[in-house]
Number of protein chains: 2
Amino acid sequence: MPDEKKPAFAGNITADDVAAEAGVSRWTVNRAFRKDASISSKSLEKVRIAAERLGYVPDLRAASLASDRSNLVALLIDDFANPHKLVMMERLTRILRREGWDILLVNTLDRADAGHALLNASQRRVDAVILIGIQFDDEVLDTALHARRFRKLIIFARTSRNPNTISIAVDDVHAMREIANYVHERGYRRPMFLAGPRTSSAHLLRKETFVDYWRQHFGSEPETVSVAAYDPALAAGIVEDALMARTKATLPDILVCENDALAIGATDVIRHKLGLRIPEDIAITGFDDVPQAEGANYRLTTYRQPLTDMAEYLVKVLGSEEDRDFDRLFAGKLMVRDSA
Amino acid sequence: MPDEKKPAFAGNITADDVAAEAGVSRWTVNRAFRKDASISSKSLEKVRIAAERLGYVPDLRAASLASDRSNLVALLIDDFANPHKLVMMERLTRILRREGWDILLVNTLDRADAGHALLNASQRRVDAVILIGIQFDDEVLDTALHARRFRKLIIFARTSRNPNTISIAVDDVHAMREIANYVHERGYRRPMFLAGPRTSSAHLLRKETFVDYWRQHFGSEPETVSVAAYDPALAAGIVEDALMARTKATLPDILVCENDALAIGATDVIRHKLGLRIPEDIAITGFDDVPQAEGANYRLTTYRQPLTDMAEYLVKVLGSEEDRDFDRLFAGKLMVRDSA
DNA sequence: GAGCATTTTGCACGCGGGAGCAAAATTAAT
DNA sequence: ATTAATTTTGCTCCCGCGTGCAAAATGCTC
């Protein structure tokens, strides 16, 4: 046995080894590592010492296999160009971990790939799937839900009409009306709405709400432009195309953006390609309140999602055994800065 | 049995069920789902059909338990304020998944938490740990490595002197010299170096290299300023403090930043708080080439890391059974734009 | 078509630990 | 001290699949 020299790796120390070392049975060892277990403080101590000495940690694969609870959730994400994703991930991962959930991260390349991503997750027997991406059509969701390979499918920061999913999101309708009112109050009259990609399963109601509300309350029909992804660089290109050729009179006086990713791209191009000032020549609003929105460069008027509250609610939902309707909308907060 | 109405969830369909359905043995079913397996195309087809009908997918927990290979790697990350992290994650997750690796994402809160994060990973019996965070001191690494709970510990985008880790990174020394030469060639003579936090285990050699090289080759000693995290907002504050009170004559003529996160924060504050022009009043260089560095707003002169090549090399290392020194440095590319 | 090589299939056993119950030990009550 | 109530411990059986080998099936040669 030539490779016996270096002690392989210590993953193979099992509860049996610890049991022998501590002079108790294997089951007592395992109990020592479960929080609910009924165990005497004496043997708990013995086990702790023995485990420490041997470097034992319970194997969660085996525990999961036997108990049919993995304490694992899959986080499905795409759309890596959107800086808000980083914020969401930070918040979710921190809070999930605090509550004892491990995270399987799956990068969903595109719509066609979503099915594979879900399959991936189900093979690890995750307890729940959290979607913070957008590339899911209803067909994929239905397939996944029909197979029922996980207990919960949570759509985070998007609303969904699918009755079998749990949607935890900010109240877009309420938010967008607040933005519309604010925009109108500040005297803007020719808004243009900059929208992201339209998806069928994980919605945002921002564009629809803004356009309908503006039409109904302020009489005019806002222009709308759409970008194929929440990517500042892409948004910059689209906005340049849309505004470049215009005379100042035909320019919108404000660009209402579906989120900050778009707003940031728009800001850059308006300043540096069109040579216009913000907000004097054209104002801008965003949505999400990403970190850079607050920075000296953008000073973006935007709408903050209560991500921490949403994540806290998410872990509560994850922990719940009930089988009720967990959908919930949160109220955010309009952050008024200099851009509008 | 009241909860027998809705078909629970289908995770509990096992290879035995498929075997019965297909008229073969359980082992044949499992073989049908392994890539190496020796199986006749006839029974493969039978199994596929039966599995399809029943909605069976193999349980990777069990497979991993039995084979002692989890096909799981842990990705340890902190430092979520740095936009480059999003790029790294996108690249890594995409390429790892393409090669069949699943990813356990662990948000490492701080230095003290790193041990727990590693423990987390080891309980899932990951095959390898990838660090793309920085909050690791040598003590934690040594403990982890001593316990040898995983086969490989890879430090991505950082160099490490620890002989038991695998470091895959850009060649900072080479890169920084190139930057120093470029800066000097362009006529800058009073550089200030803006550094990030200093850590003991996962290094960057940028500051040391730049300062030493500049001193040796160009005679003067560059000022240096340090920021506690790679966070644009933090960097902005530090730069403001460092430069605010100065007269134009005592200002550095270029700010050489350890990475783009710092450069971006610095750019914002220099333009909008100090009211200076870039590069006319003060130039800036970064490192990493994050997406926004290319955008119209920053046009940042920076150094691109070959992330794709690095990630491809990483999966090659992961797949290798050899036990040799896998450390490797990559050459990047100076991206000259408008900021310097 | 017999005889042999080669592929395919089935099987006992093991991976590490959980659920639930019965035996043992401890504590409380009389 | 004795019995009953309670806690702790050990144990059997199982979770779902891989390993390595033996049995069965198939292919090949002459």
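Per chain, numbering begins at 1; letters A, B, ... match sequence-line order.
Taking only side-chain nitrogens and oxygens, R34(A) comes nearer than 4.0 Å to OP1 or OP2 of dG18(C). Neither OP1 nor OP2 of dC15(C) sits under 4.0 Å from any side-chain N or O of R125(B).
With sequence neighbours excluded, the residues forming a salt bridge (Lys or Arg N to Asp or Glu O under 4.0 Å) with R97(A) are D113(B), listed by chain and number.
Note: CG (D68(B)) to P (dG18(D)) measures 13 Å, nearest angstrom. Atom CG in N71(B) sits about 16 Å away from atom P in dC17(D), given to the nearest Å. Atom P of nucleotide dC15(C) and atom CZ of R69(B) are separated by 17 Å, given to the nearest angstrom. Going from atom CD1 of I13(A) over to atom P of dG17(C) covers 11 Å, rounded to whole Å. The interatomic distance linking R124(A) (CZ) with dG16(D) (P) rounds to 17 Å, in whole Å. If you measure from atom CG of L65(A) to atom C1' of dG18(D), you get 13 Å, rounded to the nearest angstrom. For the pair D16(A) CG and dG10(D) P, the interatomic distance rounds to 12 Å; values are reported in whole Å. Rounded to whole Å, atom P of dG17(C) lies 9 Å from atom CG of D17(A).
In this structure, Y56(B) reaches the sugar-phosphate backbone alone: every heavy-atom distance under 4.0 Å involves primed, P, OP1 or OP2 atoms, never a base.
Between G319(A) and W101(A) the shortest heavy-atom distance is N-CZ2, 4.2 Å. Nearest approach of I168(B) to L314(B), heavy atoms of both residues: CD1-CA, 3.7 Å. Nearest approach of V106(B) to A117(B), heavy atoms of both residues: CG1-CB, 3.6 Å.
Residues F326(B) and Y313(B) keep their aromatic ring centres 6.0 Å or farther apart.
Each of K316(B), R69(B), K152(B) was compared with E321(B) under the salt bridge (Lys or Arg N to Asp or Glu O under 4.0 Å) criterion, and only R69(B) meets it. Each of R94(A), R328(A), R98(A) was compared with E312(A) under the salt bridge (Lys or Arg N to Asp or Glu O under 4.0 Å) criterion, and only R98(A) meets it.
Rounded to 10 degrees, the angle separating the terminal helix axes of the helix from dG1(C)-dC30(D) to dT30(C)-dA1(D), each built from five base pairs, is 20°.
The residues D68(B) and R151(B) are annotated as salt-bridged, a charged nitrogen and a carboxylate oxygen being separated by less than 4.0 angstrom.
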Just by protein heavy atoms under 4.0 Å, how would nucleotides 7-12 of chain C read 5' to 3' in B, S and -? -SBBBB

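Between the side chains of S167(B) and T159(B), no donor N or O sits under 3.5 Å from an acceptor N or O.
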